[in-house]
Amino acid sequence: MENPVLNISPSFEIKDDRFDTNQIADCHLLIEVSRDRFRFTVYNTLHDVIMWLEDYHVFSLLNENQLLKTLKTVYQEHQFLAANYWKTIRLSVNANHFTLIPDEYYEADEIAKYLNFAAGKNVSEREQIFDFKQSRFGAVCIFGIEKDTFAWFKEMYPARKIDPVPVIGSLIEGIVQDKNNDGLHLYFEDYYITIIYFKDAKLHFCNRFHFRTSQDMVYHVLFVMNELGLPVDTPTMFYGEITSFSERYIQLTQSLSDVKFALNPTKIRFSQYFDDLPEHRYYTLFSSFYLY
């Protein structure tokens, strides 16, 4: 018998008390999922601001993905998430594996081979593979999401079209829209780091690395910088799960001399309730709005 996931509460939340569920038809629902996280935010077009944010941890057991069980529990208990009359719904997927293929080499019928090569193994048959065109750079991002999870989202919102996008696509789009597309960009997850490098407003490098310790993470960053011939004073922007008092931050700043935390996407407005938000942490979630 399966053990149900019970009593799930957000690990972080911001709620503007002006938000009215009667306004849902005028709101964009932005969702971001990964193996270990589920988070969403609400953009209210009537007030023209982000008004709501909730972030949940997903506690997976060994190799068993608990994301879908967590989603079902959260939605069952939530006051408005299951509403089926949102203005639009954006589903961002922080996939276990992704790859970028230049347009001139991309062949749609080879999509599974591209992802298998990037993963170093055949991806699970439980995974549904998608492509996402990064039109600004002439590349296609290949990524996957669990079939059961994607099917569940489509069942939850039958009145809305659900086209999943990769989190890496949201991040790159945000960097470009905010005119930060130069230098090094580091996106942190609990045990992964994505390294992106722009030069002369062109994307030169993008890859994701797994690490177990902060020392491993620093090694990946310095190795990539060495391969790219980048000096230690290269402008570097931080996103995601990192704080100024964390071990990973302290160790990186011992090697890098020009680092900054990302700010909220510049073309998106936020209610005053978000004034104390750690802006870099939810940059990818908010930037998915740029993809409309």
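Everything quoted here is computed from the prediction, not taken from an experiment.
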#### Entry: Taking every non-hydrogen atom, the tightest pair across Leu115 and Gly144
CD2-N, 4.2 Å
### Summary
One should read off an interatomic distance between Leu285 CG and Asp55 CG, to the nearest 0.5 angstrom, of 8.5 Å
### Message
With a 6.0 Å cut-off (strictly less than), is the heavy-atom count around NZ of Lys133, excluding the residue itself, greater than 12?
### Response
yes
### Message
Using a 6.0 Å cut-off, check whether atom CZ of Phe12 has over 12 heavy atoms from anything other than its own residue.
### Response
yes
### Query
Stepwise, does the salt bridge (Lys or Arg N to Asp or Glu O under 4.0 Å) test hold for Arg90 with Glu173?
CA-CA 14 Å; Arg90 167 68 70 211; Glu173 188 69 19; over 6 Å; no
#### Entry: Note: Glu127-Lys147 ion pair, threshold 4.0 Å (strictly below)
no
### Task
Evaluate side chain to side chain donor-acceptor pair (under 3.5 Å) for Glu32 paired with Thr284, printing each intermediate quantity in order.
CA-CA 8 Å; Glu32 185 176 299; Thr284 55; 2.9 Å; yes
### Task
Over 60° means perpendicular and under 30° means parallel, so classify the ring planes of His185 and Phe198, tilted if in between.
perpendicular
### Audit row: Glu241, Arg281, salt bridge (Lys or Arg N to Asp or Glu O under 4.0 Å) steps and yes/no
CA-CA 6 Å; Glu241 300 301 317; Arg281 188 177 182 189; 3.4 Å; yes
#### Entry: Spatial distance of atom OG1 (Thr213) from atom CD (Glu247) [nearest 0.5 Å]
7.5 Å
### Message
In the structure I gave you, are the side-chain heavy atoms of Gln134 and Leu100 within less than 4.5 Å of one another anywhere?
### Response
yes
### Message
For His220 and Phe209, take the angle between the two ring planes, folded into 0 to 90°, and tell me which bin it lands in: parallel under 30, tilted 30 to 60, perpendicular over 60.
### Response
parallel
### Query
Thr234 and Gly183: which non-hydrogen atoms are nearest, and at how many Å?
CG2-CA, 4.3 Å
## Note on the structure
Between Ile195 and Val221, the two heavy atoms sitting closest are CD1-CA, 3.9 Å
### Message
I'd like to know whether OH of Tyr191 has more than 12 heavy-atom contacts from other residues, nucleotides or ligands below 6.0 angstrom.
### Response
no
### Query
How many angstroms lie between CG in Leu228 and CG in Asn226, if you round to the nearest 0.5 Å?
9.0 Å
### Message
So, taking the atom named CD1 in Ile145 and the one named OG in Ser92, what distance separates them when rounded to the nearest 0.5 Å?
### Response
10.0 Å
### Query
CG of Asp276: more than 12 outside heavy atoms within 6.0 angstrom?
no
### Task
Could you verify whether a donor N or O on one side chain and an acceptor N or O on the other, from Asp178 and Tyr290, lie under 3.5 Å apart?
yes
### Query
If you draw a 6.0 Å radius around CD in Gln272, do more than 12 non-hydrogen atoms from other residues or ligands fall strictly inside?
yes
### Message
Evaluate Ile196 against Ile172 for side chain to side chain contact (heavy atoms under 4.5 Å, CB included), listing each step before the verdict.
### Response
CA-CA 8 Å; Ile196 298 173; Ile172 290 174; 4.0 Å; yes
## Note on the structure
Smallest heavy-atom separation, Arg208 atom then His97 atom, equals NH1-N, 4.5 Å
Contacts under 3.5 angstrom, residues 43-50 side chains, donor-acceptor by atom type, not counting sequence neighbours:
{"residue": "Tyr43", "atom": "OH", "partner": "Asp48", "partner atom": "OD1", "Å": "2.5"}
{"residue": "Asn44", "atom": "OD1", "partner": "Leu46", "partner atom": "N", "Å": "2.8"}
{"residue": "Asn44", "atom": "OD1", "partner": "His47", "partner atom": "N", "Å": "3.4"}
{"residue": "Asn44", "atom": "ND2", "partner": "Gln23", "partner atom": "OE1", "Å": "2.7"}
{"residue": "Thr45", "atom": "OG1", "partner": "Asp26", "partner atom": "O", "Å": "2.5"}

### Query
Do Trp52 and Phe80 have their ring centres less than 6.0 Å from each other?
yes
### Task
Return yes when atom CD of Gln79 has more than 12 non-hydrogen atoms of other residues, nucleotides or ligands closer than 6.0 Å, and no otherwise.
yes
### Query
side chain to side chain donor-acceptor pair (under 3.5 Å) between Glu189 and Tyr187: does it pass, once the steps are laid out?
CA-CA 7 Å; Glu189 303 166 59; Tyr187 175 63; 5.3 Å; no
### Task
State whether the number of non-hydrogen atoms from other residues, nucleotides or ligands found under 6.0 Å of Phe117 atom CZ is greater than 12.
no
### Query
For the residue pair Trp152 and Tyr157, is the inter-centroid distance of their aromatic rings smaller than 6.0 Å?
no
### Task
Could you label the plane-to-plane angle of the Phe286 and Tyr282 rings as parallel, tilted or perpendicular, counting under 30° as parallel and over 60° as perpendicular?
tilted
### Message
Around atom OH of Tyr85, are there more than 12 heavy atoms from other residues, nucleotides or ligands closer than 6.0 Å?
### Response
yes
### Task
Return the orientation label for the Phe188 and Phe238 ring planes: parallel under 30°, perpendicular over 60°, tilted otherwise.
perpendicular
### Message
Taking salt bridge (charged side-chain N to carboxylate O under 4.0 Å, His left out) as the definition, give me every residue that meets it alongside Glu279, ordered by chain and number, with sequence neighbours left out.
### Response
none
### Query
Are His57 and Arg37 close enough, and set up right, to give a side chain to side chain donor-acceptor pair (under 3.5 Å), and what steps lead you there?
CA-CA 5 Å; His57 278 89; Arg37 287 289 173 88; 2.8 Å; yes
### Task
Indicate yes or no: at least one non-hydrogen side-chain atom of Ser34 is less than 4.5 angstrom from one of Val167.
no
### Message
What I want to check is whether the side chains of Asp131 and Tyr106 have a donor and an acceptor closer together than 3.5 Å.
### Response
yes
### Query
Shortest non-hydrogen contact from Val42 to Cys27?
CG1-CB, 3.8 Å
### Task
Output the distance between atom CD1 (Ile193) and atom CG (Asn207), rounded to the nearest 0.5 Å.
11.0 Å
### Query
Do Ile142 and Phe98 have side-chain heavy atoms sitting under 4.5 Å apart?
no
### Task
Decide yes or no on side chain to side chain donor-acceptor pair (under 3.5 Å) for Asn94 and Tyr192, but give the supporting numbers first.
CA-CA 11 Å; Asn94 196 354; Tyr192 288 90; over 6 Å; no
### Query
So, Asp16 and Arg18, do they make that salt bridge, N to O below 4.0 Å?
yes
### Query
Taking the six-membered ring where the residue is Trp, are the ring centres of Phe261 and Tyr249 under 6.0 Å apart?
yes
### Query
Taking the six-membered ring for Trp, are Phe40 and His78 parallel (under 30°), tilted (30 to 60°) or perpendicular (over 60°)?
perpendicular
### Query
For Cys141 and Pro166, which heavy atoms make the closest approach, and how far apart are they?
SG-CG, 3.7 Å
